[in-house]
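Letters A, B, ... are given to chains in the order of the sequence lines, protein chains preceding strands, and every chain is numbered from 1. Please read these numbers as outputs of a predicted model, since none were measured by experiment.
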Amino acid sequence: MKIHQMHDFHLKDESDFVQTQQSLKHKITLSHSITPNSINTCAGVDLAYWEQDGEPYGVCSIIVIDADTKEVIEKVHSMGKISVPYVSGFLAFRELPLIIEAAKKLEAEPDVFLFDGNGYLHYNHMGVATHAAFFLNKPTIGIAKTYLKIKGCDFVMPENEVGAYTDIIIDGEVYGRALRTRRDVKPIFLSCGNYIDLDSSYQITMSLINQESRLPIPVRLADLETHVLRTFYQKNHV
DNA sequence: GCGACAG
DNA sequence: ATCTTGTCGC
């Protein structure tokens with residue numbers, strides 16, 4: 001699929017990152033309604049890391065599935081050296097190069113992308129899911145497994161029922177949603193990525209849950225795939 | 001020095 | 001994210 005080139009990632013330091021995030025946050029659009037009925041395909045994105053000769057490497061997997069049958073339609077991946085260290089709040093700058101490289105290989109044009117990380121639920125509303133949308137030009141959804149605390153605000157634990165949730169409201173603004181996708185499991189932290197509203201993100205996410213995981217199917221599949229790919233590349237000493 | 005910390 | 005054994009539950 002075609003990628004909209006926004007900016008490169010040869011940024012110098014964290015102040016560069018912050019400037020990039022703040023220049024993009026005003027372009028976020030969260031008003032589009034895109035329900036499960038209006039999508040045919042959705043993609044899950046995830047990365048895995050390892051070290052080789054003292055250097056960090058990563059692999060990114062994108063899995064596209066049919067929204068109705070849940071069957072895998074396409075899978076692509078990218079692999080390479082990682083040049084940006086992980087710093088909370090700047091995950092996008094670390095992961096986007098490989099994400100973009102993998103997305104370029106997609107033959108399909110998924111209707112929505114689900115990420116393993118936050119979107120709008122972020123210090124600058126610019127988690128990896130939101131940031132990625134400017135390159136993909138497609139609706140994106142953020143799915144985090146642990147809570148990123150912002151401005152000291154905790155989340156309210158949702159009831160132990162499938163689909164139960166509590167909105168994460170900070171300074172009167174809804175940042176995201178603590179969501180119990182299955183009973184007796186920890187909640188996930190859902191937030192808009194971009195070009196989609198929170199209720200649609202919720203509906204799509206819940207429509208992609210099965211008994212295998214608390215994570216939506218495409219994200220879970222991408223997670224599993226990155227582990228397989230990592231084992232392969234480690235063994236073959238790339 | 002201590003606590004916090006998406007992946 | 002990754003490093004790792006056993007263990008509880010369906």
Side-chain angles (χ1 to χ4, degrees), chain A residues 9 14 17-18 20-21 24-25 44-62 77-100 102 113-133 140-155 160 162 168 170 175-179 181-194 201 205 209-216 218-235:
Chain A
F9 291 89
E14 290 188 8
F17 290 161
V18 172
T20 300
Q21 290 181 341
L24 288 174
K25 61 194 283 188
V45 185
D46 195 17
L47 288 85
Y49 299 91
W50 72 94
E51 215 166 82
Q52 191 168 92
D53 303 324
E55 297 289 344
Y57 283 80
V59 59
C60 171
S61 169
I62 301 180
H77 77 272
S78 58
M79 186 277 289
K81 192 175 291 185
I82 301 298
S83 55
V84 178
Y86 170 70
V87 179
S88 180
F90 304 115
L91 177 65
F93 300 99
R94 173 175 167 84
E95 301 200 329
L96 273 177
L98 283 182
I99 292 172
I100 292 168
F113 285 78
L114 286 78
F115 287 80
D116 67 314
N118 290 310
Y120 200 73
L121 176 55
H122 176 276
Y123 311 115
N124 278 319
H125 293 323
M126 198 51 62
V128 61
T130 305
H131 199 151
T140 59
I141 296 173
I143 305 285
K145 296 183 290 298
T146 62
Y147 180 60
L148 174 62
K149 183 182 284 190
I150 295 168
K151 296 182 182 177
C153 293
D154 287 306
F155 70 94
N160 188 17
V162 172
I168 297 163
I170 301 169
Y175 274 55
R177 191 167 278 186
L179 168 61
T181 55
R182 293 176 51 201
R183 191 164 188 167
D184 300 324
V185 298
K186 294 182 296 183
I188 63 171
F189 301 90
L190 168 75
S191 60
C192 296
N194 211 336
S201 301
T205 299
I209 297 297
N210 63 15
Q211 292 296 347
E212 310 297 308
S213 172
R214 69 185 170 120
L215 299 175
V219 173
R220 176 58 176 156
L221 293 179
D223 179 37
L224 294 171
E225 181 71 4
T226 57
H227 288 37
V228 172
L229 291 167
R230 178 179 58 194
T231 300
F232 173 82
Y233 283 118
Q234 277 183 311
K235 188 178 70 175

Notebook entry, point to check: For B/dA6, does OP1 or OP2 lie under 4.0 Å from any side-chain N or O of A/Y86?
Noted result: yes

Note to self: Measure OH/A/Y57 against P/B/dG7 and give the value in whole Å, please.
What the structure shows: 25 Å

Notebook entry, point to check: Just how far, in rounded Å, is C1' of C/dA1 from CD1 of A/I82?
Noted result: 11 Å

Next item on the list: Take atom CZ of A/F155 and atom P of B/dC5, then tell me their distance rounded to the nearest Å.
Entry: 11 Å

Check: Between A/W50 (CH2) and C/dT4 (C1'), how many Å, whole number?
Finding: 20 Å

Notebook entry, point to check: Counting a pair only when it is Watson-Crick or G-U and both distances are under 3.5 Å, which runs of at least 3 such pairs involve DNA chain B?
Noted result: none

Notebook entry, point to check: C/dT2 P sits how many Å from A/D116 CG, rounded?
Noted result: 10 Å

Next item on the list: Grab the CD1-P distance between A/I188 and B/dG7 for me, whole Å please.
Entry: 11 Å

Next item on the list: Check the angle between the aromatic planes of A/F9 and A/F93 and answer parallel, tilted or perpendicular using the 30° and 60° thresholds.
Entry: perpendicular

Item checked: Interatomic distance where CG belongs to A/L121 and P belongs to B/dA6 [whole Å] -> 11 Å

Notebook entry, point to check: What interatomic distance, in whole Å, is found between C1' of C/dT2 and the corresponding atom of B/dC5?
Noted result: 15 Å

Note to self: When you compare the side chain of A/R230 with that of A/Y57, does any pair of heavy atoms fall below 4.5 Å?
What the structure shows: no

Margin query: By the 4.0 Å heavy-atom rule, please label A/G142 as base, sugar-phosphate, or nothing.
Written below: nothing

Next item on the list: May I ask you to verify if any side-chain N or O of A/K145 is less than 4.0 angstrom from the OP1 or OP2 atom of C/dA1?
Entry: yes

Check: Across the strands shown, which category fits A/F93 at heavy-atom distances under 4.0 angstrom: base, sugar-phosphate, nothing?
Finding: nothing

Next item on the list: Looking at every strand, decide which applies to A/V128 at a 4.0 Å heavy-atom threshold: base, sugar-phosphate, or nothing.
Entry: base

Note to self: Is it the case that the ring center of A/Y175 lies less than 6.0 angstrom away from the ring center of A/H122?
What the structure shows: no

Next item on the list: For the pair A/V128 and A/V45, evaluate side-chain contact (heavy atoms from CB on, under 4.5 Å) and give the outcome as yes or no after the intermediate values.
Entry: CA-CA 11 Å; A/V128 61; A/V45 185; over 6 Å; no

Checklist line | A/D223 side chain near A/D116 side chain, heavy-atom distance below 4.5 Å | finding: no

Next item on the list: Check the geometry between A/Y147 and B/dA6 and answer yes if their rings are stacked (centres below 5.5 Å, planes below 30°), otherwise no.
Entry: no

Item checked: A/Y233/A/H77 aromatic ring centres below 6.0 Å -> yes

Margin query: Is A/T146 close enough to B/dG7 that one of its side-chain N or O atoms is under 4.0 Å from OP1 or OP2 there?
Written below: yes

Next item on the list: Indicate whether any N or O donor in one side chain lies under 3.5 Å from an N or O acceptor in the other, for A/Y86 and A/E95.
Entry: no

Margin query: Rounded to whole Å, please give me the gap between OH in A/Y123 and C1' in B/dC5.
Written below: 7 Å

